[in-house]
Amino acid sequence: EVVPGDRMGVCARNMMRRYLTLAVDEAGTVPIPHEWEAGRCSSMLPFLCAEYGLVHLARVQPGEVVLVHGAAGGMGLAAVQVARAMGAHVIGTAGTADRRAVAYEAGAHEVIASRSLGFADDVMALTDGRGVDVVFNSSPGEIMAQNLHVAREFGRVVEIGKADIYFGGVMDLRP
């Protein structure tokens, strides 16, 4: 059912190279609908990650508050959209005013600066001191540690970053 000239989406091992040859039914090949506009989505992987993290791991419920770090990046934009689709209230973080505007456009209810550790105080102020139900994070170091302070009691932290693992980072787990 596939003919030369059909637009296809592909998800396969070792696909980050100049050329890749696959059989039509090999790996994750799917036809791309004609109504999809080119350039709107370069990868489904951020959505798969957000869906798995927020739906299956964190089990986000309508009305819960979700903090999405890097809300203007690929993973963050997907997480904002998935959390909103689940009925969550979304607080995003982003480093610049332009990137905060992108996160707002994607659907975040509030977006705060991420370049300082003051984000934890901002989150606590936005939640009247209660904290958030779910943190979706890929930021390393002290930001990751501060997430334990902004997660409310029985809150969930979905950590998708690997920098601290690769570089031997240590985190205080007392909170």
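- For the atom pair CG of Asp121 and CD of Gln146, the computed distance is 8.0 Å after rounding to the nearest 0.5 Å.
- When each of Val90, Val123, Val132 is tested with Val65 by the rule side chain to side chain contact (heavy atoms under 4.5 Å, CB included), just one qualifies, namely Val132.
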### Task
Determine, step by step, whether Thr96 and Arg99 satisfy the side-chain contact (heavy atoms from CB on, under 4.5 Å) criterion, reporting the C-alpha distance in whole Å, the side-chain angles of both residues, the deciding distance to 0.1 Å, and the verdict.
CA-CA 5 Å; Thr96 67; Arg99 292 183 69 74; 3.3 Å; yes

### Query
Does the side-chain contact (heavy atoms from CB on, under 4.5 Å) test come out yes or no for Leu67 and Asn147, once each step is laid out?
CA-CA 9 Å; Leu67 172 64; Asn147 287 332; 4.1 Å; yes

Which donor-acceptor pairs under 3.5 Å do side chains of residues 72-86 form with protein atoms, sequence neighbours excluded?
| from | atom 1 | to | atom 2 | distance (Å) |
| --- | --- | --- | --- | --- |
| Gln81 | NE2 | Leu77 | O | 3.2 |
| Arg84 | NH1 | Gly107 | O | 2.5 |

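- The two residues Val111 and Ala103 make their nearest non-hydrogen contact at CG2-CB, 3.7 Å.
- Taking the six-membered ring for Trp and the full ring otherwise, His69 and Phe119 have centroids separated by under 6.0 Å.
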Give the table of side-chain donor-acceptor pairs shorter than 3.5 Å for residues 49-57, with sequence neighbours excluded, one pair per line with atom names and distance.
none

### Task
Begin with the C-alpha distance, continue with both residues' side-chain angles, and end with the deciding distance and a verdict on side-chain contact (heavy atoms from CB on, under 4.5 Å) for His149 and Met124.
CA-CA 9 Å; His149 292 286; Met124 295 309 282; over 6 Å; no

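- Residues Leu148 and Val150 share a hydrophobic cluster, clusters being chains of Ile/Leu/Val/Met/Phe/Trp/Tyr side chains in contact below 4.5 Å.
- Between the Asp6 side chain and the Val3 main chain, a donor and an acceptor come within less than 3.5 Å of each other.
- Tracing side-chain contacts under 4.5 Å through hydrophobic residues (I, L, V, M, F, W, Y), one never reaches Val102 starting from Phe47; they form parts of separate clusters.
- Side-chain contact between Asp133 and Val66: absent, with no pair of heavy atoms (C-beta onward) separated by less than 4.5 Å.
- Comment: Glu64 engages Arg156 in a salt bridge, judged by a side-chain N to carboxylate O separation of less than 4.0 angstrom.
- Here the CD1-CG distance, from Ile91 to Leu126, works out to 5.0 Å after rounding to the nearest 0.5 Å.
- In this structure, the side chain of Gln61 engages the main chain of Arg59 through a donor-acceptor pair within 3.5 Å.
- Listed for the Ser114 side chain is a donor-acceptor partner under 3.5 Å among the backbone atoms of Gly95.
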### Message
Checking Val158 against Val135 for the side-chain contact (heavy atoms from CB on, under 4.5 Å) test, could you report, in this order, the C-alpha distance in whole Å, the side-chain angles of both residues, the deciding distance, and whether it holds?
### Response
CA-CA 6 Å; Val158 177; Val135 178; over 6 Å; no

